[in-house]
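Keep in mind that this is a model prediction, so the values were computed, not measured.
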Amino acid sequence: MNLAHVKKRRDGTWAEPHPLKLHLEETAERAAKFAAEFGNGDWGRLVGLLHDLGKYHPDWQSYLRKKAGYYDEDAHIENYRSRPNHSSAGAIHLFEKFKNSPAAKLTAYVIAGHHSGLPDWTPQLYNRIFDNDCNLIKNDLDKIKPIDEAQEFLDCENPSAPPAVAKENPPDLEQFHLWVRMLFSSLVDADFIDTESYMDEKERGRYLPLDTLKQRFDNFIETKPGDNQLNLKRKEILDICRKKAELEPGFFSLTVPTGGGKTLSSMAFALEHAIKHKKKRIIVAIPYTSIIEQTAKVYKYGADTDEEIAKRLAEGNYLFGEDQVVEHHSNLDPETETANNRTACENWDAPIIVTTNVQLFESIFGNRTSVCRKLHNICNSVIILDEAQMLPTGYFRPILSVLEGLVKYFGVTVLLMSATQPALIGSLGSAPTIINGLENVREIIENPDKLALDFKRVEYHFPENYINPSSWEALAKQIGAHEQALCIVNTRNDCRALHKLMPEGTIHLSRFMCGEEISEIISEIKVRLKNGEPVRVISTQLVEAGVDIDFPVVYRAMTGLDSIVQASGRCNRENKLPEGGNVLIFVPPKNSPPGFLRKCEDACKAILRKHNEYEITPGLLSEYFTILYANLNSFDDAQFYDMMVRDAGNFEFSFRALAEKFEMIDSKRQISIIVRYTSSKSGKSSLPFIGELKYAGGTKGLIRKLQRYIVNVPVYIFNEIKKAGYVEDINGLWVQADENLYRPGIGLLANESDWIEGDFVI
């Protein structure tokens, strides 16, 4: 018997082996089912049947038995020399079968990369298929051909349908890479599932269908209070979303002021639209982990504070339920994560996924099997891009291109949601940096400018000029005069500098703090605000967009106009102040650092100089974004065009090279430090995990637990910390070595001023 896998039972006896023939057939059926979602089930079947063709090689069969210690009557261990590369044979066979046609190239990426990841055409894939004389490398394939059982796979039918992106004439060459990724995902997930069904007998979560979840949603909405003007306006927006959900799939935008109930209204649209147009799931992508935890709680329970959640659970009046919303992000607490959630994160086979922009787009542009596995489940979905203005401009070219491809060829509807909708329609930028934006984006709210005025809850107070800065001392005095106030600054250094001058008890919030402490502090802020207690907060932008907090006054350092409007969403959010809230913009003592932040600030100043009397509306913001984009140097930092589009006519792609460049969080400029943090409230601590790391090494599960205790710092700061001996390498991860390097309430003491004035002297 030719084997695909073998395993021992827990009692040490051998289970029945997994026949190779059965594995190929069942993987092919699964891959065909997945690829049928984009009209190419026959291509999925083809790559499924041939992906492990190389395992028929006698040397591979010998290798499997020797490696596992499994010896049966078919073992020929004496013939075993080395482990053959089993993933190349099927690809080489298709070059021979298709006579070097484009179909051979396209399937070669998928089959040859199904373990190691999508390769670059040159040199990686080409050198596995052809020798130095440009001849097919057929030695291993020639040893497989005489095997009778292999013949039915060698003779399998050719696909009859063209690739989804080639159904029009001419074919859409810019989207061929996306089609390859979808076919690759279909195969990889099918292979994983078939293998785990034999090896692990893993049970995947059973989720409710979307129509049942919609009924839960409708029941929950009926219990929402509608007894004030704000709630009535929110309900009106939600009803409009439901009505517009009947429109044909494609691009939509939802431009609603902060406090307008976008979280629930967008879900109302997505549920109605998905059921109406037979979509399979809803994917909510969010820019910040500080927002994602809050959003996931709202979808699970209909509330985002522990007190309110406990109350709703006790009453049975919650939204979708804890077991129906899959969270996939780095800040998720592994201690409370369910087994179903972990399993669903592997391939997104649940109806509601809440994830990050980083997870979504780095998966789409990734090449590793583990990240690409989920891609086929994006087909026929509704994607909600929350806080769409946070999409990184340096990656506009690939992101907007792939969104167009998903909508046009893979049945996806995209909803761009924000109070500060970016100007992504038509041409973006100025010569020589011009790219095509999105087309046919339908706004759900017919008059967003009027809605913005209807929701007006604050007055903006801009400085008389934009040259003379305020001092930190003067700002601290102004902010300290308020019982409840939030101040948002542009950098972590500014946050630290201003906080030092504030009255005792003022809360500091920045990314110098680990995720566990940030989550706790945001919860504390919400409780203190709800109870009417004094609370002053000095924060970086991490609370600016989407975090559901409500201060009577907000101070904001001069920055981009969109950020100022987002900051205003933390002021008088529930419209409880009769005279409205106040947002005070100030010029900080230090200029914004050069680069994107400075350009946002300059674009804002240009708008303010142009409009002496104005209301900040979506129309004004669109003008702001147009000015900003015209001054940017690049929309394609990852060189997407060079790697995926330029040579697409020859089907030569650089999947691995692009994956290395497409980093929405630049790991090359930042280093992660695991900090020693113990919560004085919950008792949660990184110390046991650090001890486990020291003695057991960095397992996948342990690294996930440590994610909530990581602080990322720029390389130049890390080098100083390392040189001073304040961190240590523990099994390949950098860990806080000196107990004073991290201070609860302040975070990592990562500035030179902290070391000199605080506990450290360099």
Please work out whether the ring planes of [X] and [Y] are parallel, tilted or perpendicular, with thresholds of 30° and 60°.
X	Y	value
F635	F396	parallel
W43	W179	perpendicular
F34	H376	parallel

With a 3.5 Å cut-off and sequence neighbours excluded, list the donor-acceptor pairs that the side chains of residues 401-410 form with protein atoms.
{"residue": "S401", "atom": "OG", "partner": "E174", "partner atom": "OE2", "Å": "2.6"}
{"residue": "E404", "atom": "OE2", "partner": "E439", "partner atom": "N", "Å": "3.1"}
{"residue": "Y409", "atom": "OH", "partner": "D172", "partner atom": "OD2", "Å": "2.7"}

Which residues pass the side-chain hydrogen bond (donor to acceptor under 3.5 Å, both in side chains) test with [X], sequence neighbours left out?
X	answer
Q639	none
H115	H86
K145	E96
D637	S634

Which residues pass the salt bridge (charged side-chain N to carboxylate O under 4.0 Å, His left out) test with [X], not counting sequence neighbours?
X	result
K97	none
D323	none
E149	none
K105	E652

Which pairs, with at least one residue in residues 175-185 and sequence neighbours excluded, count as a salt bridge (charged side-chain N to carboxylate O under 4.0 Å, His left out)?
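Listed once each, the pairs would be none.
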Which residue pairs pass the salt bridge (charged side-chain N to carboxylate O under 4.0 Å, His left out) test with at least one member in residues 38-58, sequence neighbours excluded?
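Salt bridge (charged side-chain N to carboxylate O under 4.0 Å, His left out) check on residues 38-58 returns E29-R45, D52-K55.
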Run the ring pair (Phe, Tyr, Trp, His ring centres under 6.0 Å) test against Y641 and tell me which residues pass, sequence neighbours left out.
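Not a single residue meets the ring pair (Phe, Tyr, Trp, His ring centres under 6.0 Å) criterion with Y641.
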